[in-house]
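Naming: A, B, ... by sequence-line order, numbering from 1 per chain.
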2 protein chains.
Amino acid sequence: MKKTVGVSPKVNSDLTAKARIRNAAFALYANYGEDATSMRAIAEAAGVTVGLVVHHFRTKDGLREAIEQHIVDLFFGAIEQAPLEGTTPEIAAARDEAVADMLSDNPAVVGYLRRALLDPMGHRGRILEMLTDLTAKQVATLRNVGVASKAQRDSSQVIGVMIRQLGQLFLQPMVDSMWNQLAGPNAAEDDKPLLVVKVQES
Amino acid sequence: MKKTVGVSPKVNSDLTAKARIRNAAFALYANYGEDATSMRAIAEAAGVTVGLVVHHFRTKDGLREAIEQHIVDLFFGAIEQAPLEGTTPEIAAARDEAVADMLSDNPAVVGYLRRALLDPMGHRGRILEMLTDLTAKQVATLRNVGVASKAQRDSSQVIGVMIRQLGQLFLQPMVDSMWNQLAGPNAAEDDKPLLVVKVQES
DNA sequence: ATCAACACTATACGAATGTATAGCATAATA
DNA sequence: TATTATGCTATACATTCGTATAGTGTTGAT
């Protein structure tokens, strides 16, 4: 395997064709959805032919698996690099911020997850399970080091983390769209109402 | 394996074929999305042939327009029948409840709107604009009768109404899915964390 | 230098899609 | 009763889809 230690993953031209294909498909899926994205559109966006897409990923299912694994890697990388020092809320805040930074660096993640998670039952992939598992393992790890608050049940805390980090991102487009229609495009951004999404113990 | 989604055949049996087709398409779109639903699947679910679908709605776009108009009618009908008596918060509560009842009677509305509203950019229909308009007009009407609270700006209140009524419905499946995976299918439902979605003045 | 593995293109095929058209039966209208 | 409109079926067509296959050039190990 050819290594791609170009250290600049943003520059697409330095990437292997396989990575370029995955990135192109990722962006298209995030913007238009998997159903509305053809293999030919992916190939064209990546600057290759359809045959090469099939060669590297075999099927469209394989392509989605690669994309979803990539998303999990991004989450893992973000959480991993958050520092483990300070008080419990400080640690939680640091982890939340690391993930928030990753999401803002990779907008396709938000778009893809919004589409995948709004359809939790019928979705063909397993990205929600994978991310829930990842978050649960992280919470468990923190607990074992004695960091996390033990006041909440495990499940509640995991759900809280996911919803806090993703819920707002999913609903915000709806708020923005309505705000644009109601207040006009040149209204003061400061007046836009603030969206609050959280979960609380029942 | 032929599975009927959403619509009970009893209610369906004395409807016109045109209404049956719209209802079938509505339920399928809500469950699987428009892209994943073929005209032939709609025809089969409605017990007719493809030709009749085309005969009544011309194109797939026409079918979506009919569905979205039907949704607006359902909202309008629900709001219209809410009583205009009592204190301001009582009126607001009555309207919220009327809409909540309608949504619980028509689960396809929730499913359809979840898909349409979480995908505000790529969506081909105009259902978000239509519903925002409808809600805005309702708020204006109440204001003219001197009912609504004037503390909030118009836009904020409209967005608040929409988000309160729909936001939770959209995110709840994600919470449920995670709760199932983390706590198991036979965990006490009472322990499931509560989802909170709201907007506040900035 | 040879040979095998790999990256990649080109073309083709069957299935499924949205839509168009022609025809049939029944009910309304004259 | 004759005619016209309407609800509906059946079939066909062009396009697009995912995927399979065969082939070309290039790289890397022996």
Rounded to whole angstrom units, what separation is found between the [atom1] atom of [X] and the [atom2] atom of [N]?
X: A:Phe57; N: C:dC8; atom1: CZ; atom2: C1'; answer: 14 Å
X: B:Arg20; N: D:dG7; atom1: CZ; atom2: C1'; answer: 12 Å
X: B:Leu15; N: D:dG7; atom1: CG; atom2: C1'; answer: 16 Å
X: B:Leu52; N: C:dG18; atom1: CG; atom2: C1'; answer: 16 Å
X: B:Leu63; N: C:dT17; atom1: CG; atom2: P; answer: 15 Å
X: A:His55; N: C:dC8; atom1: NE2; atom2: P; answer: 7 Å
X: B:Glu44; N: D:dA10; atom1: CD; atom2: P; answer: 13 Å

For this session: Look at the side chain of A:Arg20 and the backbone N and O of A:Ala46, then say whether any donor-acceptor pair between them is shorter than 3.5 Å.
Result: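 Confirmed, A:Arg20 side chain pairs with A:Ala46 backbone.
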
Problem set entry | Donor-acceptor pair, side chain of B:Arg164 and main chain of B:Lys198, under 3.5 angstrom |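 Here the side-chain-to-backbone pair does not exist.
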
Give every pair of a protein N or O atom and an N or O atom of nucleotides 22-29 of chain C that lie under 3.5 Å apart, one pair per line with the distance.
none

For this session: Identify whether the distance between the nearest side-chain nitrogen and carboxylate oxygen of B:Asp35 and B:Arg115 falls below 4.0 Å.
Result: no

For this session: Using the test side chain to side chain donor-acceptor pair (under 3.5 Å), find all partners of B:Glu68 that sit at least two apart in sequence or belong to another chain.
Result: B:Tyr112, B:His123

Exercise. With sequence neighbours left out, what residues match A:Lys192 under side chain to side chain donor-acceptor pair (under 3.5 Å)?
Worked result: A:Asp176, A:Glu189

For this session: Start with the C-alpha gap between B:Val196 and A:Val197, add the side-chain angles, then the distance that decides, and say whether side chain to side chain contact (heavy atoms under 4.5 Å, CB included) holds.
Result: CA-CA 6 Å; B:Val196 176; A:Val197 179; over 6 Å; no

Problem set entry | Heavy-atom protein contacts under 4.0 Å, nucleotides 18-28 of chain D, coded B base, S sugar-phosphate only, - none | BB---------

For this session: List in chain and number order the residues that pass salt bridge (Lys or Arg N to Asp or Glu O under 4.0 Å) with B:Arg64, two or more places apart in sequence or in another chain; answer none if no residue qualifies.
Result: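 B:Glu34, B:Asp61.
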
Exercise. If you take all heavy atoms of B:Thr37 and B:Lys60, which pair is closest and at what distance?
Worked result: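 Taking every non-hydrogen atom into account, O-NZ, 2.7 Å.
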
For this session: Mind listing the closest non-hydrogen atom pair of A:Gly86 and A:Ile91 along with its distance?
Result: O-CD1, 3.9 Å

Problem set entry | Check: B:Phe26 and B:Asn106 side chains under 4.5 Å, non-hydrogen atoms | no

Problem set entry | B:Val48 side-chain proximity, nearest of D:dC8, C:dA10, D:dT9 | D:dT9

Exercise. End-to-end bend of the helix from C:dA1-D:dT30 to C:dA30-D:dT1 (five-pair axes, 10° rounding)?
Worked result: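 Rounded value for the end-axis angle: 10°.
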
For this session: Take B:Arg143 and B:Gln157, measure what side chain to side chain donor-acceptor pair (under 3.5 Å) needs, and give me the verdict at the end.
Result: CA-CA 11 Å; B:Arg143 242 165 240 261; B:Gln157 181 160 358; 2.8 Å; yes

For this session: Using a cut-off of strictly less than 4.0 Å, decide whether B:His56 has a side-chain nitrogen or oxygen near OP1 or OP2 of D:dT6.
Result: no

